[in-house]
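One structure below.
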Amino acid sequence: MNTVRKSYIETFGCQMNERDSEIMGQLLNNADYSPTNDIQQADIIVINTCSIREKAEQKVYSLLGRLRKLKEKNPALIISVAGCVAQQEGERLQARMPLVDIVLGPQHIYRLPELVSKATLKGMPQIAVDLSPSFEIPRYVPPSPLMFRQKDERPVSPDHFKKFVTIMQGCNNFCTYCVVPYTRGRETSRDPDDIITEIMALAEHGVKEITLLGQNVNSYGKPLNNGRQHTSFSKLLRKVAAIDSIKRIRFTTSHPKDLSHDLIECFAEIEKLCPHFHLPVQSGSNHILKRMNRGYTAEEYLAKVDTLHNVRPDIVLTTDIIVGFPGETDKDFQATMDLLKTVRYHGVFSFKYSDRPQAKAVAFSEKIADEVKSERLSCLQDSQNKISLQRNREYEGSIQLVMIEGLSKNGDGQWSGRTMGNIIVNFEGPSTLSIGQEVAVIIKEGLLHSLRGALVL
Ligand code: 5AD
Ligand code: SF4
């Protein structure tokens with residue numbers, strides 16, 4: 001009897017990881033594994049991990065502990081750990097958790113089927129974690145049918161019309177708090193022709209929204225490993241915009257120091273480029289920014305934000321902030337609070353500083369007590385919540401173009417979608433609407449994390 005083998009993938013962390021998991025799913029699908037959401041049914045389990053902030057390793061180890069029973073029941077089950085924790089822990093992970101068959105770092109995800117065959121044939125654990133300074137993202141993995149609806153079907157989830165496309169990976173910046181350069185290696189940009197081929201294939205399958213991904217997405221293009229022609233990020237954006245059926249283009253994550261005038265101009269000129277910019281500032285204090293090795297001052301950052309606001313007044317800005325970085329004084333923290341009031345972000349992701357293996361700041365003196373970090377975090381979040389609510393209230397009475405993602409999570413039968421600026425809108429509308437459709441919605445109420453409205457008839 002030929003039973004279909006099943007794959008189960010669990011993803012932690014960022015959008016890069018979500019895309020990597022999708023690629024591993026595609027590759028397993030091409031190797032005759034079909035995806036399942038039921039871990040009990042799985043013949044292969046992949047845990048795609050993130051180690052950007054603390055407790056990541058413990059989370060993975062405790063999840064693996066819970067898989068022990070499954071492995072005892074089914075010794076042929078292949079358990080793989082991918083991603084940044086895999087890269088960081090390497091052989092140590094397998095030694096501590098012998099039930100793990102495959103450990104693969106972010107540069108090795110494309111080798112998953114080969115590693116699965118080796119683990120199965122040899123019955124030996126496979127560890128693939130060497131980091132190559134000249135790594136190149138493989139040319140192109142054709143999308144597998146499981147990623148899409150059939151041509152004549154209606155989309156049933158946002159997965160059917162919005163996709164991530166990795167355009168670069170790795171990081172050369174070495175911010176002193178950050179583990180990424182050690183887990184994802186050096187920056188490498190994908191060939192622009194490969195990116196366009198991939199997006200055209202997605203467009204053919206009905207995809208309307210593309211998010212270009214990279215650790216440092218706006219430093220795309222320098223340098224292309226294979227020596228081929230340099231394409232700047234703004235040129236790439238223009239090429240993507242030229243694909244007719246792609247209606248919305250987003251990108252993440254950007255580094256303020258690489259925010260060029262060229263890119264700012266794209267926001268004025270490319271209609272499909274969504275007016276949402278996630279621009280992590282991390283701190284408002286020049287003393288801390290320097291210790292973080294961020295490569296810009298608060299004044300330089302604010303000048304770029306000003307230009308962005310001038311070019312695209314409707315731009316939605318979001319950011320990341322770390323509180324309690326070693327040496328952060330009350331005055332430094334106040335500078336961050338002041339910056340938040342000046343920029344008036346729509347949303348902020350804020351974190352307490354934590355030591356990460358290999359990152360330089362581990363060795364920095366003047367570590368901040370956890371109570372102080374917690375106090376600063378809640379002070380910052382209280383103040384930002386007020387700003388976010390005000391920002392969302394400013395939409396009341398306006399008409400927004402919303403791309404429908406499904407029924408609202410509130411279970412009240414309303415539709416839910418996103419504005420061009422990426423803000424969630426729940427709205428009343430007839431059941432004849434469908435996922436992926438773009439509709440005009442009048443905003444009636446701005447809430448902290450979303451907007452409420454009604455379809456414009
Ligand atoms: N401690 C706390 N936050 C961190 N981040 C990255 N490294 C750390 C760390 N060691 C945050 C940064 C980054 C976001 C993805 O995670 O704000 O932009
Ligand atoms: Fe980490 Fe800094 Fe690179 Fe972002 S730019 S991935 S924070 S080292």
Side-chain angles (χ1 to χ4, degrees), residues 11-18 20 49-59 83-85 87-88 105-107 131 166-189 213-220 222 233 251-259 277-285 288-296 301 317-328 332-333 336 339-340 343 345 347-364 367-370 372-374 376-377 380-381 384:
T11 310
F12 295 101
C14 61
Q15 291 161 327
M16 290 288 288
N17 265 16
E18 280 180 42
D20 283 355
T49 62
C50 167
S51 65
I52 192 96
R53 289 177 295 273
E54 68 187 338
K55 300 209 177 97
E57 302 84 2
Q58 290 99 303
K59 216 159 55 180
C84 290
V85 174
Q87 183 64 44
Q88 190 186 297
Q107 287 190 352
L131 266 187
T166 302
I167 64 162
M168 60 82 65
Q169 79 167 44
C171 183
N172 294 348
N173 289 321
F174 292 92
C175 300
T176 54
Y177 52 80
C178 190
V179 72
V180 166
Y182 308 97
T183 56
R184 285 197 174 258
R186 295 294 67 72
E187 272 181 24
T188 175
S189 288
L213 288 182
Q215 251 79 43
N216 250 312
V217 77
N218 55 340
S219 78
Y220 171 79
K222 42 169 200 182
F233 183 53
F251 59 85
T252 197
T253 286
S254 307
H255 196 300
K257 79 172 166 47
D258 298 319
L259 172 49
F277 208 145
H278 184 65
L279 195 59
V281 66
Q282 312 297 359
S283 169
S285 151
I288 294 298
L289 287 171
K290 192 148 196 235
R291 274 168 76 93
M292 286 177 164
N293 191 32
R294 289 292 286 173
Y296 54 84
Y301 180 94
L317 288 179
T318 55
T319 201
D320 292 343
I321 302 274
I322 297 176
V323 299
F325 187 77
E328 185 187 69
D332 293 320
F333 176 63
T336 300
L339 183 133
L340 294 194
V343 179
Y345 293 102
V348 170
F349 300 88
S350 48
F351 313 100
K352 292 197 271 184
Y353 167 79
S354 59
D355 277 340
R356 297 285 67 217
Q358 292 175 278
K360 249 194 176 163
V362 174
F364 286 7
K367 290 276 160 63
I368 306 297
D370 193 55
V372 177
K373 286 192 219 169
S374 300
R376 287 181 185 166
L377 189 69
L380 185 145
Q381 288 175 343
Q384 179 56 41

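The analysis underlying the following values was restricted to heavy atoms, covering all of them including side chains, and did not include hydrogens, waters or symmetry mates. What you see is a predicted model; the values in this text were computed from it and never measured. For ligands, and for the atoms within them, numbers begin at 1 and follow the listed sequence.
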Anything under 3.5 Å between an N or O on ligand 1 and a protein N or O? List each pair with its distance, or write none.
from: ligand 1; atom 1: 1 (N); to: S354; atom 2: N; distance (Å): 3.0
from: ligand 1; atom 1: 10 (N); to: Y177; atom 2: O; distance (Å): 3.0
from: ligand 1; atom 1: 10 (N); to: S354; atom 2: O; distance (Å): 2.7
from: ligand 1; atom 1: 16 (O); to: R53; atom 2: NH1; distance (Å): 2.7
from: ligand 1; atom 1: 17 (O); to: Q282; atom 2: OE1; distance (Å): 2.7
from: ligand 1; atom 1: 18 (O); to: Q282; atom 2: NE2; distance (Å): 2.9
from: ligand 1; atom 1: 18 (O); to: D320; atom 2: OD2; distance (Å): 2.6

Legend entry - Axial cation check for F325 ring with R291, 6.0 Å and 45° limits: no
Legend entry - Any side-chain donor near an acceptor of the partner, T188 and Q169, under 3.5 Å: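 Looking only at side-chain atoms, Q169 and T188 do not form any donor-acceptor pair under 3.5 Å.
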Inset, instruction - For N173 and K257, test the side chains for any donor-to-acceptor distance below 3.5 angstrom and give the result as yes or no. - result: yes
Legend entry - Geometric class of the Y301/Y345 ring pair [parallel <30°, tilted 30-60°, perpendicular >60°]: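 Y345 and Y301: tilted rings.
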Inset, instruction - Identify whether the distance between the nearest side-chain nitrogen and carboxylate oxygen of R184 and D20 falls below 4.0 Å. - result: yes
Inset, instruction - For the pair E328 and R376, find out whether any cationic side-chain nitrogen is under 4.0 Å from an anionic carboxylate oxygen. - result: yes
Inset, instruction - Quick one: name the protein N/O/S atoms under 2.8 Å from atom 2 (Fe) of ligand 2, chain by chain. - result: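 Near atom 2 (Fe) of ligand 2, the protein supplies C175 SG.
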Legend entry - Expected output: side-chain T49 to main-chain V85 donor-acceptor under 3.5 Å: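 It does hold such a pair.
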Inset, instruction - Report the distance from atom OH of Y353 to atom NZ of K367, rounding to the nearest 0.5 Å. - result: 5.0 Å
Legend entry - Residue among T319, V281, V348, L317 satisfying side-chain contact (heavy atoms from CB on, under 4.5 Å) with V343: L317
